[in-house]
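Right, one structure below, let's go through it.
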4 protein chains.
Amino acid sequence: MFIELDLQSETPIYTQLVDQIVEGIACGALQPGEQLPPIRSLAEDLGINLHTVNKAYNLLKQEGLLQVHRKTGVIVQPGEMPGVTEAFEEKLRRQLRSLAAAAAVRGMAEEVFAQESRSVYRDIITNRGGE
Amino acid sequence: MFIELDLQSETPIYTQLVDQIVEGIACGALQPGEQLPPIRSLAEDLGINLHTVNKAYNLLKQEGLLQVHRKTGVIVQPGEMPGVTEAFEEKLRRQLRSLAAAAAVRGMAEEVFAQESRSVYRDIITNRGGE
Amino acid sequence: MFIELDLQSETPIYTQLVDQIVEGIACGALQPGEQLPPIRSLAEDLGINLHTVNKAYNLLKQEGLLQVHRKTGVIVQPGEMPGVTEAFEEKLRRQLRSLAAAAAVRGMAEEVFAQESRSVYRDIITNRGGE
Amino acid sequence: MFIELDLQSETPIYTQLVDQIVEGIACGALQPGEQLPPIRSLAEDLGINLHTVNKAYNLLKQEGLLQVHRKTGVIVQPGEMPGVTEAFEEKLRRQLRSLAAAAAVRGMAEEVFAQESRSVYRDIITNRGGE
DNA sequence: GTGGTCTAGACCACC
DNA sequence: GTGGTCTAGACCACA
């Protein structure tokens, strides 16, 4: 598995898990329909609690990025991905707003901030063609 | 005061306070050297506890955005603002990364994401000239 | 626990706590990676409030001497310690200056003052080899 | 007057005043028996409250560094300076201890710390011969 | 069971 | 009147 956790970080482990799985899907490391490790084995691999993995999976299921079946296990949502809903846009903007304000206050120019955003996005996507 | 809190939100109150003050400074609603409301009166105005305001003020103080004086009260850092440190860039990128991944997964194109960032930044700055 | 507080002292309790923990780390009584008592139990042992301990722990965390985990509790920073930054040197010198002036005024010679400093430092370190 | 206050500093103003007067005596800028500015005029010069200056003067009087007369005003203790009492040594050591621990934890060597102390002391004294 | 957050209310140092 | 510190007690998120 490609997941790396920072147990020292102050961001909750389940959040880190969610982020990394989302990134995995975004960059194509996790294909639609692909199987994710069972909760128990992933928890064991990462040396974390079973509930933590479960929480992450459930959050992603609620967001429509994963499907959880009893028998089949957990797979990446095949076919139709959630898409950009209004709720998502609002949430995205609210968080960007906070980051932009912090950047602006420290004197980072609009162009630099936009460029930073673009380059971060590109970093994630860049490997997508490869799989 | 221009601050609006969502007491139901899962983001801590003091974090919301910090964000809004940073935005206030970024957009020029709060000028360098300008006085902020005393801890107690702001707490009362917002219907929250004095310690919550205190925590927010102190966080901003240790980020170099505010100065806290014993008798004088709290003012926006006059003169030299913190600037873009390496630590800040790293933190910014980490958070942008999470947002970019979520956006990419939902099919938001690179150009749209970058444009979104730029427009959010511009929204904040836009009133700055007016003070 | 090896901590002794003077509740009558004019130096804040949390400062005394910080100082004693730093000394504990310096002398090796607290090893890197070692666990510190949970906030609540230390507070109870010392007969002080939990928030006071919390404040001390958080100060040490933001100085990079402690790590605070949600479930695991608090540990001494394992591996790389902060190091002597310029900010630290400046702060050290400012405080030494005040002490040196007071000593000089009372006729304590330069050599005695330097020797005093050295011996205090040595007192702290002296047990370090023993762990 | 040679006194410079940092009103932004988190160390109380009266403490800064005390420190600077002590330094002034240590370096010889203030000679034994020399007259200090009257409370009111010093307060006005520095742009601070009258009580603040008063508090500083009284602390120094208690320590035996100043003499306060109603008519004559305030003068530097002529002749016999306090000397190194046991209480002073203890207080000095306690404060040095805190600094030494902080330095040791950050990897500053004993020799460096002692040298730092000596050089700070020398900085203060260095002008003494000159007056 | 751990730390994180919030509330309520008190006293003190500083100016 | 300002922020700083401390206490007491509560609920929640995390693991």
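Numbered from 1 within each chain, the chains take letters A, B, ... in sequence-line order.
- Sorted by first and then second residue, the salt bridge (Lys or Arg N to Asp or Glu O under 4.0 Å) pairs with a member in residues 25-36 of chain B form an empty list; sequence neighbours excluded.
- D:Gln8 places its CD atom 15 Å from the P atom of F:dG3, with the value rounded to the nearest Å.
- Nucleotide F:dG4 holds its P atom 13 Å from the CD atom of B:Gln62, rounded to whole Å.
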TODO: Toss me the dot-bracket line for DNA chain E: Watson-Crick and G-U wobble, both under 3.5 Å, 5' to 3', using | for pairs to another strand and [ ] for crossers.
DONE: ||||||||||||||.
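- A residue-by-residue look at C:Ser41 and C:Leu50 shows that C:Ser41 has its nearest nucleotide of DNA chain E further toward the 5' end.
- In this structure, C:Thr72 and B:Ile39 both approach DNA chain F, and ranking their closest nucleotides by distance from the 5' end singles out B:Ile39.
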For a quick test of your reading: what N or O donor-acceptor pairs under 3.5 Å do the side chains of residues 74-81 of chain C make, sequence neighbours left out?
unit_1: C:Gln77; atom_1: OE1; unit_2: C:Gln67; atom_2: NE2; d: 3.4

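- For C:Asn54, a side-chain nitrogen or oxygen approaches OP1 or OP2 of E:dG4 to under 4.0 Å.
- In this structure, the side chain of C:Glu23 does not engage the main chain of C:Ile124 through any donor-acceptor pair within 3.5 Å.
- In this structure, A:Ile48 reaches neither bases nor backbone, as no heavy-atom distance under 4.0 Å exists between it and the strands shown.
- Qualifying salt bridge (Lys or Arg N to Asp or Glu O under 4.0 Å) partners for B:Glu89, counting only residues two or more places apart in sequence or in other chains: B:Arg93.
- The CG atom of C:Leu66 sits 12 Å away from the P atom of E:dG4 (whole-angstrom rounding).
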Short N/O separations, protein against nucleotides 11-15 of chain E, under 3.5 angstrom:
unit_1: E:dC14; atom_1: OP1; unit_2: D:Tyr14; atom_2: OH; d: 2.9
unit_1: E:dC14; atom_1: OP2; unit_2: D:Tyr14; atom_2: OH; d: 3.4
unit_1: E:dC14; atom_1: OP2; unit_2: D:Lys55; atom_2: NZ; d: 2.7
unit_1: E:dC15; atom_1: OP1; unit_2: D:Ile13; atom_2: N; d: 3.0
unit_1: E:dC15; atom_1: O2; unit_2: B:Lys71; atom_2: NZ; d: 2.8

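- Rounded to whole angstrom, the span from the CG atom of C:Leu36 across to the C1' atom of E:dT2 amounts to 14 Å.
- For the pair A:Gln16 CD and F:dC14 C1', the computed distance is 13 Å after rounding to whole Å.
- Computed from coordinates, the B:Gln35 CD to F:dG1 P distance equals 15 Å when rounded to whole Å.
- Whole-Å rounding puts the B:Glu44 CD to E:dT7 P distance at 13 Å.
- When the P atom of F:dC14 is taken as reference, atom CG of A:Leu7 falls 15 Å away, rounded to whole Å.
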Please output the side-chain donor-acceptor pairs of residues 49-56 of chain C that fall under 3.5 Å, not counting sequence neighbours, one pair per line with the distance.
unit_1: C:Asn49; atom_1: OD1; unit_2: C:His51; atom_2: N; d: 2.8
unit_1: C:Asn49; atom_1: OD1; unit_2: C:His51; atom_2: ND1; d: 3.0
unit_1: C:Asn54; atom_1: OD1; unit_2: C:Asn58; atom_2: ND2; d: 3.4

